[in-house]
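Here the structure is a predicted model, which means the values were calculated and not measured. When reading the values below, keep in mind they use all heavy atoms of this one structure, side chains included, and skip hydrogens, waters and symmetry mates.
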2 protein chains.
Amino acid sequence: MAYTVGQVAKVAGVTVRTLHHYDEIGLLSPSGRTSAGYRRYDDADLQRLQLVLYYRELGFPLEEITAIIDDPAADPAAHLRRQHELLTVRLKRLQEMVTAIEFAMEATKMNIQLTPEERFEVFGDFSPEEHEAEAEQRWGDTDAYRESNRRASRYGKEDWLRIRAENEDWGRRIVALMAAGAPADSAEAMELAEEHRQLICRWFYECSYEMQTGLADMYLADERFTAHYENIAEGLAAYLHEAIHANAISRA
Amino acid sequence: MAYTVGQVAKVAGVTVRTLHHYDEIGLLSPSGRTSAGYRRYDDADLQRLQLVLYYRELGFPLEEITAIIDDPAADPAAHLRRQHELLTVRLKRLQEMVTAIEFAMEATKMNIQLTPEERFEVFGDFSPEEHEAEAEQRWGDTDAYRESNRRASRYGKEDWLRIRAENEDWGRRIVALMAAGAPADSAEAMELAEEHRQLICRWFYECSYEMQTGLADMYLADERFTAHYENIAEGLAAYLHEAIHANAISRA
DNA sequence: GCTCCTGCCTGCCGTTACGTGAGAGTCAAC
DNA sequence: GTTGACTCTCACGTAACGGCAGGCAGGAGC
């Protein structure tokens, strides 16, 4: 099968100019021409173009792509493996960025200031080791946050006022309970932990017990989140942490 | 806190030249200068830079970024939500590419020719509807394939010969069994289905029963994969399909 | 006071991967 | 046999910097 520039451009989702350019620089020269000088691409050309586009999407400069593809030591399967590897690396990077954004979202929701280093953690010298497992742990599942923001983006001023009111009401009650001396694993405290979870469920995302305990751990582990709760009442961070864990265990 | 260009560049992971450029085009002008003309960036500038870098990473042209950031209707939270959305879109796109590569890998492993359309499916007018659920279903879990190729990339010629031998041995036995008239849900057929799964486990990736049934479905649904098995023996695709399903049910 | 080294400044030209016409020939169809 | 869609080859334009030149700034050590 032979194709014209236009046809190739259409099926591959690139412009004719791009194909001209690739011809110019010798990255992808059509295997033939018609008598009138029209470019004719065949199946092998398409295969090559596919490789080119994948490597391009992966951010390689065209010159390098030429070298990679013309490398006689690399068979098609090797290219696929290589691209697959590179893709998964990029995937990871993107997931890191998503996590960073989610972290920032949670932080601003709590009125927490980020340090410059944290702000650019994901850009600067990214330390892959640390993020690898931690990032996934930190929020449990990113689908949840996706859902959260899909919902949150639709809330108006009224909704936010209502959320705040519910939240403050809950805050007052847990502070009162703690002040009254009820242990964190008492039925009342656990009930308030359950309310905390359901509040998240109702307004933001489906929050499992597992995810809630993850949040609880973060409230203690990250001092800025700790500070948020300690600001409300001394000892609240630890109290809430224990109540959430106790509740999760009892419901399991 | 005030920072010099060099400090900002270092913490943000960009070059000094880039900051100069952003200043030139008015995208990010430092809030002040020293008496000697040195640029002085403050925390607000850093915050703005963070926004810039995120949008840049998302592929926006700088001019557009200027417009987006200077939009008075968008508060910080709105930016975070927006970036989060964009990121998840990109994430999905990347995952699609990974799936496409995996599809191509499986196809070449089976010596199956791809049509031009399939080749560029992921590039051309991507139809989001179709891929959304299907892509995830097709391979069950992409972690598996990641593992597969991490391992496969380390195999040498000897390994491949061995894999081929094991595979052909298995092929001969299932063909013989089918020819002997043993039903697909017989203990012997199910045992060979189990071997099929363990062959994948041993050489490529941890293949759960669920994933194996996914593969089995594809062997029937995609006629090129069907053809592969039908080439070995008539009715083998369906036979294997049923055996795999029967085996999966009995082990559940 | 002088030197040295590092960091910062402002031009200004180079580069990559195309975009965007201009002007002209080509091809299938009506 | 002319229209309209498609193709060709120059050729200049562009975005987002990279890289270098030539020249101050400022603290450290002598």
Side-chain angles (χ1 to χ4, degrees), chain A residues 1-42 45-46 48-70 120 123-124, chain B residues 1-42 45-46 48-70 120 123-124:
Chain A
M1 276 291 280
Y3 311 85
T4 68
V5 259
Q7 290 171 324
V8 174
K10 199 166 187 180
V11 69
V14 299
T15 67
V16 170
R17 179 67 181 89
T18 299
L19 293 174
H20 284 174
H21 183 60
Y22 291 170
D23 190 4
E24 268 176 46
I25 64 172
L27 172 54
L28 176 65
S29 297
S31 53
R33 296 265 188 152
T34 69
S35 57
Y38 281 29
R39 275 164 256 255
R40 310 250 79 184
Y41 295 84
D42 66 11
D45 295 330
L46 287 192
R48 189 181 170 93
L49 178 56
Q50 185 200 14
L51 276 179
V52 169
L53 292 186
Y54 266 101
Y55 279 116
R56 186 186 69 163
E57 181 96 12
L58 288 168
F60 285 88
L62 299 187
E63 201 175 348
E64 210 168 317
I65 296 181
T66 314
I68 294 173
I69 295 186
D70 289 340
F120 296 103
F123 294 116
Chain B
M1 276 294 280
Y3 312 85
T4 68
V5 258
Q7 290 172 324
V8 173
K10 199 166 188 181
V11 69
V14 300
T15 67
V16 171
R17 180 69 184 83
T18 300
L19 293 175
H20 284 175
H21 183 60
Y22 291 170
D23 189 4
E24 266 176 47
I25 65 173
L27 172 54
L28 176 66
S29 296
S31 54
R33 296 266 186 149
T34 69
S35 57
Y38 283 28
R39 275 164 255 255
R40 309 250 78 185
Y41 295 84
D42 65 12
D45 295 330
L46 286 192
R48 188 179 170 95
L49 177 57
Q50 186 199 13
L51 275 179
V52 169
L53 293 185
Y54 265 102
Y55 279 116
R56 185 185 71 163
E57 181 98 12
L58 288 168
F60 285 88
L62 299 187
E63 200 175 349
E64 211 168 317
I65 296 180
T66 314
I68 294 173
I69 295 185
D70 289 340
F120 297 103
F123 293 116

TODO: Find which nucleotide of DNA chain D each of B:Pro61 and A:Arg39 is nearest to by heavy atoms, and output the residue with the more 5' nucleotide.
DONE: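 On the 5' side of the pair lies A:Arg39.
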
Applying side chain to side chain contact (heavy atoms under 4.5 Å, CB included), can you list everything that pairs with [X], at least two apart in sequence or on another chain?
X	answer
B:Gln7	B:Tyr3, B:Thr4
B:Thr66	B:Leu27, B:Asp70
B:Phe60	B:Tyr55, B:Leu58, B:Glu64, B:Ile65, B:Ile68, B:Arg82, B:Leu86

Task: Worked verdict on A:Asp42 versus A:Asp45 for side-chain contact (heavy atoms from CB on, under 4.5 Å) - done: CA-CA 5 Å; A:Asp42 66 11; A:Asp45 295 330; 3.1 Å; yes

Open item on the list: Under 4.0 Å from a heavy atom of chain A: give me the 5'-most and 3'-most nucleotides of DNA chain D that qualify.
Closed with: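 Footprint of chain A along DNA chain D, 5' to 3': D:dC6 to D:dA11.
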
Open item on the list: On the nucleotide C:dA17, are OP1 or OP2 found under 4.0 Å from the side-chain N or O atoms that A:Arg56 carries?
Closed with: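 No, outside the criterion.
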
Open item on the list: Let me confirm one number: the CD1-OH distance from A:Ile69 to A:Tyr54, rounded to the nearest 0.5 Å.
Closed with: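 Reported value, rounded in 0.5 Å steps: 13.0 Å.
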
Open item on the list: Nearest 0.5 angstrom please: B:Tyr22 OH to B:Arg56 CZ, how far?
Closed with: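 The OH atom of B:Tyr22 sits 4.0 Å away from the CZ atom of B:Arg56.
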
Task: Whole-Å distance separating the CD1 atom of A:Ile65 from the C1' atom of C:dC18 - done: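 Rounded to the whole Å, the gap is 13 Å.
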
Task: Nearest-Å distance for atom pair CD/P, residues A:Glu63 and C:dC18 - done: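 Distance check: A:Glu63 CD to C:dC18 P gives 14 Å.
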
Holding to side-chain hydrogen bond (donor to acceptor under 3.5 Å, both in side chains), I want the full list of residues that pass it with [X], two or more places apart in sequence or in another chain.
X	answer
A:His20	A:Arg39
A:Thr15	A:Thr18
B:Arg33	B:Asp23

Task: DNA chain C contacts made by residues 15-32 of chain B, counting heavy atoms under 4.0 Å - done: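 B:Arg17, B:His20, in order of number.
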
TODO: Can you sort out the partners of B:Arg40 under salt bridge (Lys or Arg N to Asp or Glu O under 4.0 Å), two or more places apart, ordered by chain and number?
DONE: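 None.
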
Task: Helix axis bend for the helix from C:dG1-D:dC30 to C:dC30-D:dG1 - C1'-based end axes, five pairs, 10° rounding - done: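 Between the axes fitted at each end of the helix from C:dG1-D:dC30 to C:dC30-D:dG1 lies an angle of 10°.
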
Open item on the list: Which heavy atom of B:Leu49 sits nearest to which heavy atom of B:Ala12, and what is that distance?
Closed with: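 Closest pair (atom of B:Leu49, atom of B:Ala12, distance): CD2-CB, 3.7 Å.
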
TODO: Describe the nucleic acid contact of A:Arg33 in one word from base, sugar-phosphate, nothing, applying a heavy-atom distance below 4.0 Å.
DONE: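 Counting heavy atoms under 4.0 Å across all strands, the contact made by A:Arg33 is with sugar-phosphate only.
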
Close N or O pairs between protein and nucleotides 22-27 of chain C (under 3.5 Å):
residue, atom, partner, partner atom, Å
C:dG25, N2, A:Tyr38, OH, 2.9
C:dT26, O4', A:Tyr38, OH, 3.1

